[in-house]
J.: 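The structure that follows is given in the form of structure tokens.
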Amino acid sequence: MDPFDPPFRETYKTLFDNHFNNELSRKGNKIEDLQEANECEFELPLVDLSRLNQGGIESEKCKQEIAKASQEWGFFQVINHGVSHEVLENMRSEQVKTFKKPFHDKVNGQCDQLDFLAGSYRWGTPSATCLRQLAWSEAFHVPLSEISAVDGVTGLSTTMKEYTNIVSILAEKLAEILAEKIGQKPKFFEENCVPSMCYIRMSRYPSCPISPHVFGLMPHTDSDFLTILHQDHIGGLQLLKNGKWIAVNPKQETLIVIIGDLFQAWSNGTYKSVEHRVVANKLFERFSTAYFLCPSYDTIIESCDETPVYRRFSFKEFRQQVQEDVKNYGHKIGLSRFLL
């Protein structure tokens with residue numbers, strides 16, 4: 001094991017032993033893969049955001065494509081999004097250097113470049129009660145307010161500031177377009193999504209020698225309004241559509257937009273928050289950067305229809321319910337908790 005890899009096998013030894021022993025006894029020496037075979041390939045909707053600057057009919061068509069993809073897929077790709085190739089490459093390069101620090105230093109924030117990341121490091125799944133719930137990954141979860149407050153100038157902090165400044169504007173713009181298309185107040189996001197709640201998650205998925213039997217990230221929906229994801233050239237991200245897992249193949253210069261639970265509730269189910277996962281890779285490590293557009297805790301999420309599907313709730317209430325469910329059941333239950 002590399003000295004910078006989290007100690008998955010040692011820490012979760014009981015889960016591994018139980019899984020393999022149970023499967024061998026139940027299936028007669030045939031061990032079940034967690035990554036099901038019902039996978040297929042489709043092209044996600046691809047939206048050229050430069051058309052928004054053209055005005056008139058072309059701009060309107062672009063907005064309609066964004067709304068349609070959010071309704072039918074809950075996922076779409078964007079190009080000409082304003083994040084340069086240089087910034088994307090710098091972001092990945094700085095991530096790689098950060099994750100290649102010794103595991104002990106990442107946990108304790110003891111490297112010079114990690115000072116402002118202290119306390120943001122996470123790995124595995126502490127609440128996992130079975131192998132299916134274990135995430136073979138590590139990540140830094142950093143609020144935008146922490147990034148903007150950094151005084152020291154390092155390659156990582158400078159790059160993160162540049163990246164988040166652009167992506168936060170992009171996320172708000174997309175959210176406003178989606179609000180406009182369902183006749184809602186576009187300024188809602190500017191007023192309620194604050195830097196202390198919006199955050200970046202830098203993730204690394206180490207190569208996994210038992211990849212068919214564990215996920216890089218278990219199936220889930222995002223709990224925010226929307227997520228903007230940059231993935232590197234190593235595949236692994238999949239979304240669930242019509243009962244089949246669809247691979248979201250990496251494309252250079254492309255960002256992925258993912259609709260979250262709050263947008264589904266706020267739009268009364270018009271926009272879809274869909275289940276997605278990351279499959280582990282036996283040979284290659286994978287890096288990604290995700291930006292999450294989240295409101296303040298006291299923001300009220302209320303369906304925008306006269307016949308609402310979901311009851312009124314605050315973001316704080318939603319987060320607390322998710323945390324409680326993960327603690328009690330090992331996984332998120334989500335919006336079904338808030339149905340009327």
Side-chain angles (χ1 to χ4, degrees), residues 42-49 51-52 59-78 81 167-193 197-198 219-229 237-243 246 248 254-277 290-295 299-315 317-319 322 332-340:
F42 283 89
E43 279 297 317
L44 280 186
L46 178 65
V47 181
D48 182 351
L49 296 184
R51 295 158 58 208
L52 292 173
S59 175
E60 182 58 30
K61 283 183 179 178
C62 184
K63 292 179 180 180
Q64 290 173 358
E65 288 177 14
I66 291 169
K68 182 179 180 182
S70 300
Q71 292 172 31
E72 297 181 357
W73 284 81
F75 259 71
F76 59 96
Q77 305 171 94
V78 293
H81 38 64
V167 175
S168 59
I169 293 171
L170 173 62
E172 196 170 293
K173 179 193 294 185
L174 292 172
E176 289 176 354
I177 288 170
L178 290 170
E180 176 191 321
K181 289 293 109 184
I182 54 172
Q184 291 302 297
K185 182 183 176 184
K187 292 297 180 183
F188 175 89
F189 303 96
E190 180 183 337
E191 295 167 357
N192 291 284
C193 295
M197 295 303 298
C198 299
H220 68 286
T221 58
D222 289 351
S223 297
D224 58 349
F225 274 110
L226 59 80
T227 306
I228 296 181
L229 174 73
L237 176 64
Q238 300 179 343
L239 66 93
L240 188 64
K241 185 171 176 61
N242 299 327
I246 297 172
V248 183
T254 300
L255 297 178
I256 308 296
V257 181
I258 306 169
I259 300 300
D261 295 338
L262 298 188
F263 232 136
Q264 178 166 318
W266 195 70
S267 68
N268 206 41
T270 299
Y271 302 133
K272 303 299 188 292
S273 176
V274 301
E275 202 168 18
H276 51 286
R277 68 186 187 184
Y291 170 91
F292 298 87
L293 182 67
C294 301
T299 298
I300 299 299
I301 309 301
E302 190 168 13
S303 294
C304 60
D305 196 279
E306 293 180 359
T307 54
V309 175
Y310 304 99
R311 68 174 177 83
R312 192 172 180 265
F313 59 89
S314 69
F315 183 46
E317 183 183 359
F318 186 79
R319 283 285 293 270
V322 168
K332 169 184 168 181
I333 294 175
L335 280 179
S336 61
R337 288 285 198 193
F338 296 87
L339 289 168
L340 284 172

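Basis for what follows: all heavy atoms, side chains included, without hydrogens, waters or symmetry-related copies.
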J.: Can you find a heavy atom in the side chain of Leu174 that is under 4.5 Å from one in the side chain of Ile228?
T.: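 Yes; the side chains approach each other to less than 4.5 Å.
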J.: Indicate the atoms forming the closest heavy-atom contact of Asn268 with Pro308, along with that distance.
T.: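 Scanning both residues, the minimum pair turns out to be OD1-CA, 3.3 Å.
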J.: Once ring pair (Phe, Tyr, Trp, His ring centres under 6.0 Å) is applied, do any residues pair with Phe318, and if so which ones, sequence neighbours excluded?
T.: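 Per chain and number, Phe318 pairs via ring pair (Phe, Tyr, Trp, His ring centres under 6.0 Å) with Phe313, Phe338.
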J.: side-chain contact (heavy atoms from CB on, under 4.5 Å) with Gln184: which residues, sequence neighbours excluded?
T.: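 Gln184 satisfies side-chain contact (heavy atoms from CB on, under 4.5 Å) with Ala179, Ile182, Trp266, Cys304 once adjacent residues are dropped.
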J.: Mind checking the CZ-OG spacing from Phe189 to Ser168? Nearest 0.5 Å is all I need.
T.: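 So the gap between those two atoms works out to 14.5 Å.
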J.: For the atom pair CZ (Phe315) and OG (Ser223), what is the distance rounded to the nearest 0.5 Å?
T.: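 That separation rounds to 7.0 Å.
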J.: Considering only heavy atoms from C-beta outward, does the side chain of Ile246 approach that of Trp73 to under 4.5 Å?
T.: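 With C-beta onward as the side chain, the pair touches.
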J.: Measure the shortest side-chain to side-chain distance between Leu49 and Ile66 over non-hydrogen atoms and say whether it is less than 4.5 angstrom.
T.: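 Yes, close enough: below the 4.5 Å cut-off.
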J.: Using the test salt bridge (charged side-chain N to carboxylate O under 4.0 Å, His left out), find all partners of Glu72 that sit at least two apart in sequence or belong to another chain.
T.: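 So Glu72 forms no salt bridge (charged side-chain N to carboxylate O under 4.0 Å, His left out) with any residue.
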J.: Under 3.5 Å, side-chain donor or acceptor atoms of residues 255-265 against the rest of the protein: list the pairs with distances, not counting sequence neighbours.
T.:
unit_1 : atom_1 : unit_2 : atom_2 : d
Asp261 : OD1    : Thr221 : OG1    : 3.0
Asp261 : OD1    : Ser273 : OG     : 2.7
Asp261 : OD2    : Thr221 : OG1    : 3.3
Asp261 : OD2    : Lys332 : NZ     : 2.5
Gln264 : OE1    : Ser273 : N      : 2.7
Gln264 : NE2    : Tyr310 : OH     : 2.8

J.: Grab the two heavy atoms, one from Phe76 and one from Ala69, that are nearest each other, plus how far apart they are.
T.: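 So the two residues come closest at CB-CB, 3.7 Å.
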J.: Under the rule for ring pair (Phe, Tyr, Trp, His ring centres under 6.0 Å), what residues qualify as partners of His220, not counting sequence neighbours?
T.: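 For His220, the residues satisfying ring pair (Phe, Tyr, Trp, His ring centres under 6.0 Å) (neighbours in sequence not counted) are His276.
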J.: Which heavy atom of Ile333 sits nearest a heavy atom of Arg337, and at what distance?
T.: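 Scanning both residues, the minimum pair turns out to be CD1-NH2, 3.3 Å.
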J.: Measuring from Ile177:CD1 to Gln64:CD, what's the distance to the nearest 0.5 Å?
T.: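 Here the interatomic distance stands at 11.5 Å.
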J.: Measuring only between side-chain heavy atoms, which start at C-beta, is Ile300 closer than 4.5 Å to Arg312?
T.: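 In short, these two side chains touch, coming nearer than 4.5 Å.
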J.: Name all residues meeting the salt bridge (charged side-chain N to carboxylate O under 4.0 Å, His left out) criterion together with Lys61; count only those two or more places apart in sequence or in a different chain, and write none if there are none.
T.: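 For Lys61, no residue satisfies salt bridge (charged side-chain N to carboxylate O under 4.0 Å, His left out) once neighbours in sequence are set aside.
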J.: Nearest 0.5 angstrom please: Ile301 CD1 to Phe188 CZ, how far?
T.: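 Answer for the CD1-CZ pair, Ile301 versus Phe188, is 4.5 Å.
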J.: Could you pull out all residues at least two apart from Lys185 that satisfy side chain to side chain donor-acceptor pair (under 3.5 Å)?
T.: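 Counting only residues at least two positions away or on another chain, Lys185 forms a side chain to side chain donor-acceptor pair (under 3.5 Å) with Glu191.
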J.: Would you say Tyr291's side chain and Ala171's backbone share a donor-acceptor pair under 3.5 angstrom?
T.: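 Absent.
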J.: Can you name the residues that form a side chain to side chain donor-acceptor pair (under 3.5 Å) with Arg319, not counting sequence neighbours?
T.: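 For Arg319 there are no side chain to side chain donor-acceptor pair (under 3.5 Å) partners, ignoring immediate neighbours.
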J.: Under the rule for side-chain contact (heavy atoms from CB on, under 4.5 Å), what residues qualify as partners of Pro219, not counting sequence neighbours?
T.: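 If we apply the side-chain contact (heavy atoms from CB on, under 4.5 Å) test to Pro219, skipping adjacent residues, the hits are Phe215, Trp245, Glu275, Arg277.
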J.: What's the shortest heavy-atom distance between His81 and Val78, and which atoms?
T.: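 Smallest interatomic distance, heavy atoms only, reads CD2-O, 3.2 Å.
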J.: Test side-chain contact (heavy atoms from CB on, under 4.5 Å) on Met197 and Thr299 and set out the steps.
T.: CA-CA 11 Å; Met197 295 303 298; Thr299 298; over 6 Å; no
J.: With rounding to the nearest 0.5 angstrom, report the OG1 to CG distance, Thr254 to Leu46.
T.: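 Separation between the atoms: 6.0 Å.
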J.: For Thr307, enumerate each residue passing the side-chain contact (heavy atoms from CB on, under 4.5 Å) test, keeping only those at least two apart in sequence or located in another chain.
T.: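 Applying side-chain contact (heavy atoms from CB on, under 4.5 Å) to Thr307 gives Asp305.
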J.: Who passes salt bridge (charged side-chain N to carboxylate O under 4.0 Å, His left out) against Arg311, sequence neighbours left out?
T.: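 With sequence neighbours excluded, Arg311 shows a salt bridge (charged side-chain N to carboxylate O under 4.0 Å, His left out) to Glu317, given in chain and number order.
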J.: Distance check, rounded to the nearest 0.5 Å: Asp224 atom CG versus Leu293 atom CG?
T.: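 Here the rounded value is 7.0 Å.
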J.: Output, in order, the C-alpha distance, side-chain angles, deciding distance and verdict of side-chain contact (heavy atoms from CB on, under 4.5 Å) for Leu239 and Leu44.
T.: CA-CA 10 Å; Leu239 66 93; Leu44 280 186; 3.5 Å; yes
J.: Apply the side chain to side chain contact (heavy atoms under 4.5 Å, CB included) test between Pro186 and each candidate in Glu172, Glu176, Lys181; give the one that qualifies.
T.: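 Going through the options one by one, the only one that passes is Glu176.
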J.: Please list, chain by chain and in numerical order, all residues satisfying side-chain contact (heavy atoms from CB on, under 4.5 Å) with Asp48, sequence neighbours excluded.
T.: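 Asp48 satisfies side-chain contact (heavy atoms from CB on, under 4.5 Å) with Ser50, Arg51, Ile79, Asn80 once adjacent residues are dropped.
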